[in-house]
Amino acid sequence: MSYVAIALAALGTRPVVQARAKAVAVIAEGLGLKLPRPFAADIHRAEVELAGVIGDLYRGEEAWPAIVLVPGAAPDGKDDARIVRLAHALARAERAVFVPQLALAGKRFETSDIDALITSVLALDASHPGPVTMLGFSYGGSFALLAAADDRLGSSLGQVATFGAYFDLVGVAQAVTSGVSLVDGRAVPWDAHPRAREVFRLVMVEMAEPEPREDLEAALEGRIDPAVLEDGGRAVFDFITNDDPEQTYTLAARLPAAMVDTLRTFSPATVADRIEADVVAIHSTDDPVVPYGEALRLEAGMPRVPLETVSLFSHVNLTGGSILGRASDLLATWRFASRILSRQE
């Protein structure tokens, strides 16, 4: 055997090289491409309960490092076809992948989801080679960041990876209502999904106190004059209907205390300084569901986080056109996937 062959063989045993090679296969399979992997292990998917948390566990016969894969607000939750495909791809890269079923799938924000993620990490760390990684998509990525700030996790959590996550819910509201994210004085335009404002209104009305909710809905639909709303209802109305990005945070501060608390509770920006695990992020500039300005907020709020920017995806879905023509985006996605796998290799 030549010295070159020996060197290449030795290089191939290095964990970082192995992780980068596996990342190629994970991306290809995650995007639905056919890629021969004759040496990949057979993967079994089963619904399990981890310390009270129901979800699907994808694993082989060996004891592999674990990943908690956190879906976004997709209606099918853990059964979403994209999540199933990616979970299989990650498992074939020698990872035990747990996908919890969360209330977020029903577009509900509940702190029990954050607790479920914390419980999942602790349970997996106790039964698999650690530390555990959390990989979250869309709002699921934001929930993963919220969970990562919990002191109970300690060294059980090694890394959080987010794809298309938000950093500040008030910032999301700013972009939804005005079409602009203001980040450190920079105006970042946003072309939202047609239903973004409708969904935002529904969520905000749901957050409102039960008593003014009916009148608030009537005012938003133009059936009554908003002037008749009581203080709390009028503050919510003004926040929802505002279209001046300069006023968003001022109006948010005037919301009823319970709503202000909810917005803070579900905003990673409020707990970012307590996250000790490594964080990596990727976001599409053309994301129609979570504004790209939120990725810039994350980058400003957590300067050590490597942020990859792509345009290959529309939110977390692959856009049309030739994949091969998006070399820079594929390279960025590969770097993101490599960082995830390298942390446990």
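Sequential numbering from 1 along the given sequence is applied to the chain's residues.
Of the inter-residue distances, the one linking T111 atom OG1 with F266 atom CZ reads 5.5 Å to the nearest 0.5 angstrom. Atom CG of L255 is separated from atom OG1 of T262 by 10.0 Å, given to the nearest 0.5 angstrom. In this structure, CG in D215 is found 4.5 Å from CD1 in I224, a value given to the nearest 0.5 Å. Separation of atoms CG (L263) and CZ (F109) is listed at 9.5 Å; rounding is to 0.5 Å. Rounding to the nearest 0.5 Å places OG of S156 at 13.5 Å from NE2 of H128.
Ionic pairing of D278 and R343 is present here: one or more N-O contacts between side-chain nitrogen and carboxylate oxygen are shorter than 4.0 angstrom. Salt bridge E29/R85: absent, no basic N to carboxylate O contact under 4.0 Å. A salt bridge links K22 to E94: at least one charged side-chain nitrogen sits closer than 4.0 Å to a carboxylate oxygen. Salt-bridge formation is detected for the pair D115/R152: a Lys NZ or Arg NE/NH1/NH2 atom is positioned less than 4.0 Å from an Asp or Glu carboxylate oxygen. With salt bridges taken as basic N to acidic carboxylate O contacts below 4.0 Å, none links D168 and R297. The pair E62-R95 does not count as a salt bridge, with every side-chain nitrogen at least 4.0 angstrom from each carboxylate oxygen. Note on R201 versus E198: no salt bridge recorded, every NZ/NE/NH1/NH2 to OD/OE distance being 4.0 Å or above.
Within the 4.5 Å cutoff, no side-chain heavy atoms of D56 are placed close to those of V84. Inter-residue side-chain proximity for M134 and L117 is flagged as met; some heavy-atom pair is nearer than 4.5 Å. Proximity of L57 to R45: side-chain heavy atoms (C-beta onward) are nowhere separated by under 4.5 Å. Side-chain contact between T285 and T309: present, with at least one pair of heavy atoms (C-beta onward) separated by less than 4.5 Å. Residues E49 and V53 form no side-chain contact, since every pair of their non-hydrogen atoms from C-beta on lies 4.5 Å or further apart. Counting heavy atoms from C-beta outward, I67 and V132 have side chains that stay 4.5 Å or more apart. Looking at T270 and F167, their side chains never come closer than 4.5 Å, going by heavy atoms from C-beta outward. Side-chain contact between F239 and T177 is absent, with no heavy atoms from C-beta onward closer than 4.5 Å.
By the 6.0 Å contact criterion, CG on D261 is enclosed, its count of non-hydrogen atoms from other residues, nucleotides or ligands being greater than 12. Environment of CD in E110: crowded, with over 12 heavy atoms of neighbouring residues, nucleotides or ligands closer than 6.0 Å. For D42, the CG atom counts as loosely surrounded, since its 6.0 Å shell holds 12 or fewer non-hydrogen atoms of other residues, nucleotides or ligands.
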Report task. Could you go through the salt bridge (charged side-chain N to carboxylate O under 4.0 Å, His left out) check for R339 and E308 one step at a time? Result -> CA-CA 11 Å; R339 289 189 181 107; E308 298 289 352; 2.8 Å; yes
Query raised in the report: Between Y58 and H88, does a ring-ring contact (aromatic ring centres under 6.0 Å, His included) hold up when you go through it step by step?
Result: CA-CA 7 Å; Y58 299 72; H88 272 290; 5.0 Å; yes
Query raised in the report: Should L90 and L135 be marked as a side-chain contact (heavy atoms from CB on, under 4.5 Å) after you check the CA-CA gap, both sets of side-chain angles, and the distance that decides it?
Result: CA-CA 11 Å; L90 286 167; L135 167 59; 3.9 Å; yes
Report task. Before giving the answer on salt bridge (charged side-chain N to carboxylate O under 4.0 Å, His left out), spell out for D184 and R186 the whole-Å C-alpha distance, their side-chain angles and the decisive distance to 0.1 Å. Result -> CA-CA 6 Å; D184 291 337; R186 172 187 171 188; over 6 Å; no
**Report entry** Audit row: Y139, V290, side-chain contact (heavy atoms from CB on, under 4.5 Å) steps and yes/no
**Finding:** CA-CA 8 Å; Y139 282 31; V290 177; 3.5 Å; yes
Query - Q174 and V180: CA distance, side-chain angles, deciding distance, side-chain contact (heavy atoms from CB on, under 4.5 Å) verdict - result: CA-CA 7 Å; Q174 181 183 66; V180 173; over 6 Å; no
Query raised in the report: Step by step, would you call L216 with R213 a side-chain contact (heavy atoms from CB on, under 4.5 Å)?
Result: CA-CA 5 Å; L216 176 60; R213 195 174 293 164; 5.5 Å; no
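Ring geometry for F137 against F163 counts as parallel: the plane angle stays under 30°, on a 0 to 90° scale with 60° as the upper cut.
When all heavy atoms of A116 and L102 are compared, the pair lying nearest together is CB-CD2, 4.2 Å. For the residue pair G140 and V70, the shortest heavy atom distance occurs at O-CG1, 3.5 Å. Smallest separation of non-hydrogen atoms from L153 and L157: CD1-CD2, 3.8 Å. Closest approach of L169 and S267 over heavy atoms only: N-OG, 2.9 Å.
A donor-acceptor pair shorter than 3.5 Å can be found between the side chains of D329 and S311. Side-chain polar atoms of H44 and E61 form a donor-acceptor pair below 3.5 angstrom.
No path of Ile, Leu, Val, Met, Phe, Trp and Tyr side chains, each step under 4.5 Å between heavy atoms, connects V172 with L182, placing them in separate hydrophobic clusters.
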Which pairs of donor and acceptor atoms, one on a side chain in residues 142-149, lie under 3.5 Å apart (sequence neighbours left out)?
{"residue": "S142", "atom": "OG", "partner": "Y166", "partner atom": "N", "Å": "2.9"}
{"residue": "S142", "atom": "OG", "partner": "Y166", "partner atom": "O", "Å": "2.8"}

